[in-house]
Amino acid sequence: MARRSYAKFGNADYGIWYRFAAVLVKPVTNALARTDWRGWEHLPTKGGFLAVVNHNSVIDPVFYAHWQYNSGRPPRILGKSQLFSVPFIGFMLRKTGQIPVFRESTDAAEAFRAAIDAVNGGQCVQFYPEGTLTRDPDLWPMTGKSGAARVALMTGAPVIPVAHWGAHEIVPPYGRGPNKYNLFPRHKVIVSAGPPVDLSRYQGQELTAQVLRDATTDIMNAITAVLEGIRGEEAPVERYDMRKAARERAAAAAAKGDRAKKSDAEGSAE
């Protein structure tokens with residue numbers, strides 16, 4: 001799909017540095033993969049919105065950025081505040097208007113204040129609600145964190161679910177050794193958007209932990225639905241939960257330790 005003309009978008013603020021970054025990034029993504037861009041019709045033509053995206057490879061952000069750039073609505077991507085102090089990377093992040101997230105803030109709303117301001121200012125702000133690469137064995141979206149839901153409910157802006165698939169074939173998540181990269185043959189990467197997530201039932205409610213959890217679940221369900229369409233298969237009924245998995249590993253390790261102690265004690269008794 002060709003890039004939409006961004007002339008119709010009054011707030012398509014690319015700027016010279018954004019265009020320079022595109023000149024650097026787009027040849028790389030085009031060389032690495034055959035790209036298939038879908039779903040731009042779901043993006044608002046004006047006003048701020050959130051793009052919520054799944055995460056299954058360390059390089060999928062560059063494919064998402066290419067897709068979003070070509071849509072006519074330049075993305076403002078959230079990044080750890082520490083990245084903004086890295087030479088050149090920090091310079092480019094600042095010049096292209098990307099948004100630092102100050103996770104050390106004790107105020108959940110303040111941690112996303114720049115994102116809230118950007119959305120209210122008519123920008124597209126991108127979130128990875130999972131917060132990290134998925135740990136799901138089949139690379140389905142995990143349970144999400146509440147940041148995107150919080151910003152969406154505080155601003156009332158549309159939330160557009162976006163899914164991509166294929167970047168993991170090039171750089172597998174947590175790949176090691178000879179399996180860390182898989183550049184050949186040239187893979188296909190699909191990025192697609194779905195209809196806005198309906199969060200209307202939460203509007204006007206107090207942002208309690210339960211409201212944020214429920215809204216986050218709706219967001220993750222919408223992302224998963226888009227990914228199901230790309231993959232042509234159904235996701236598991238139960239979403240992978242990192243915290244639950246950690247508790248289960250800890251319980252299994254404790255049980256193993258108890259069995260070892262019991263075995264040692266029985267051996268000593270003999």
Side-chain angles (χ1 to χ4, degrees), residues 50-68 75-86 89-90 93 98-106 108-112 114-115 125-152 159-177 179-182 189-191 197 209 212-228 230-231 235-236 238-250:
L50 285 70
V52 288
V53 192
N54 69 313
H55 198 12
N56 55 37
S57 171
V58 294
I59 65 164
D60 57 37
V62 298
F63 286 101
Y64 161 75
H66 187 168
W67 174 87
Q68 188 69 64
R76 305 306 179 196
I77 298 174
L78 295 175
K80 297 178 182 178
S81 58
Q82 295 89 332
L83 290 174
F84 287 74
S85 61
V86 177
I89 292 177
L93 289 173
Q98 307 316 314
I99 301 172
V101 177
F102 297 94
R103 293 182 176 179
E104 62 273 16
S105 173
T106 57
E110 190 60 33
F112 294 103
V125 177
Q126 182 259 0
F127 282 79
Y128 284 113
E130 296 163 276
T132 187
L133 290 170
T134 182
R135 263 68 165 185
D136 182 271
D138 294 318
L139 304 184
W140 291 103
M142 305 185 294
T143 55
K145 299 182 182 300
S146 64
R150 181 180 293 276
V151 173
V159 179
I160 307 300
V162 180
H164 44 56
W165 188 246
H168 67 285
E169 298 282 3
I170 304 169
V171 181
Y174 309 107
R176 296 291 186 274
N179 297 322
K180 188 173 183 179
Y181 304 108
N182 186 19
V189 173
I190 301 172
V191 183
V197 185
L212 291 172
R213 280 195 298 268
D214 290 346
T216 299
T217 296
D218 288 351
I219 288 171
M220 297 312 301
N221 287 343
I223 297 171
T224 302
V226 178
L227 186 57
E228 286 178 328
I230 293 174
R231 294 175 59 168
E238 183 177 356
R239 200 180 309 284
Y240 186 90
D241 187 325
M242 285 181 62
R243 292 181 179 178
K244 180 180 178 181
R247 291 194 298 269
E248 290 175 348
R249 287 194 300 270

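All values below were derived from every heavy atom in this structure, side-chain atoms included, with hydrogens, water molecules and symmetry-related copies excluded. The model shown is predicted, which means the values in this text are computed figures rather than measured ones.
- In this structure, CG in L133 is found 12.5 Å from NE2 in H168, a value given to the nearest 0.5 Å.
- For S81 (side chain) and P100 (main-chain N/O), no donor-acceptor pair under 3.5 Å exists by modelled atom type.
- In plain terms, the two heavy atoms of P141 and N54 that are nearest each other are CG-CB, 4.2 Å.
- When all heavy atoms are compared, the tightest approach of S146 to T216 is CA-OG1, 3.4 Å.
- Atoms CZ and CZ, from R150 and F112 in turn, are 8.0 Å apart once rounded to the nearest 0.5 Å.
- Taking the side chain as every heavy atom from C-beta outward, R243 and T143 never approach each other to under 4.5 Å.
- Note that CD1 of I59 is 4.5 Å distant from CD1 of I170, once rounded to the nearest 0.5 Å.
- When side chains are defined from C-beta on, D214 does not count as touching D218, because their heavy atoms never get closer than 4.5 Å.
- In plain terms, the two heavy atoms of M220 and G144 that are nearest each other are CG-N, 3.7 Å.
- Listed by first and then second residue, the salt bridge (Lys or Arg N to Asp or Glu O under 4.0 Å) pairs that reach into residues 127-142 come to none, sequence neighbours excluded.
- Of the N and O atoms on the side chains of D60 and H55, at least one donor lies less than 3.5 Å from an acceptor on the other residue.
- Proximity of W67 to V189: side-chain heavy atoms (C-beta onward) are nowhere separated by under 4.5 Å.
- Taking CD1 of I160 as the start and CD1 of I219 as the end, the distance is 11.0 Å to the nearest 0.5 Å.
- Although no hydrogens or angles enter the test, the distance criterion places a donor-acceptor pair under 3.5 Å between the side chain of N182 and the main chain of E169.
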Evaluation steps, side chain to side chain contact (heavy atoms under 4.5 Å, CB included), between V226 and V162: CA-CA 7 Å; V226 178; V162 180; over 6 Å; no
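- Partners of T224 by side-chain hydrogen bond (donor to acceptor under 3.5 Å, both in side chains), not counting sequence neighbours, listed by chain and number: R239.
- The two residues L50 and A148 have their closest heavy-atom pair at CD2-O, 3.4 Å.
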For the pair Y128 and L78, evaluate side chain to side chain contact (heavy atoms under 4.5 Å, CB included) and give the outcome as yes or no after the intermediate values. CA-CA 8 Å; Y128 284 113; L78 295 175; over 6 Å; no
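- Partner of Q98 under the side chain to side chain contact (heavy atoms under 4.5 Å, CB included) criterion, out of V125, I89, I77: I77 alone.
- Looking at heavy atoms from C-beta onward, T134 lies out of side-chain contact with W140 at the 4.5 angstrom threshold.
- With sequence neighbours left out, the ring pair (Phe, Tyr, Trp, His ring centres under 6.0 Å) criterion links H164 to no other residue.
- In this structure, T132 and M142 have side chains that are in contact, with non-hydrogen atoms separated by less than 4.5 Å.
- Minimum heavy-atom separation, A215 to A149: CB-CB, 3.9 Å.
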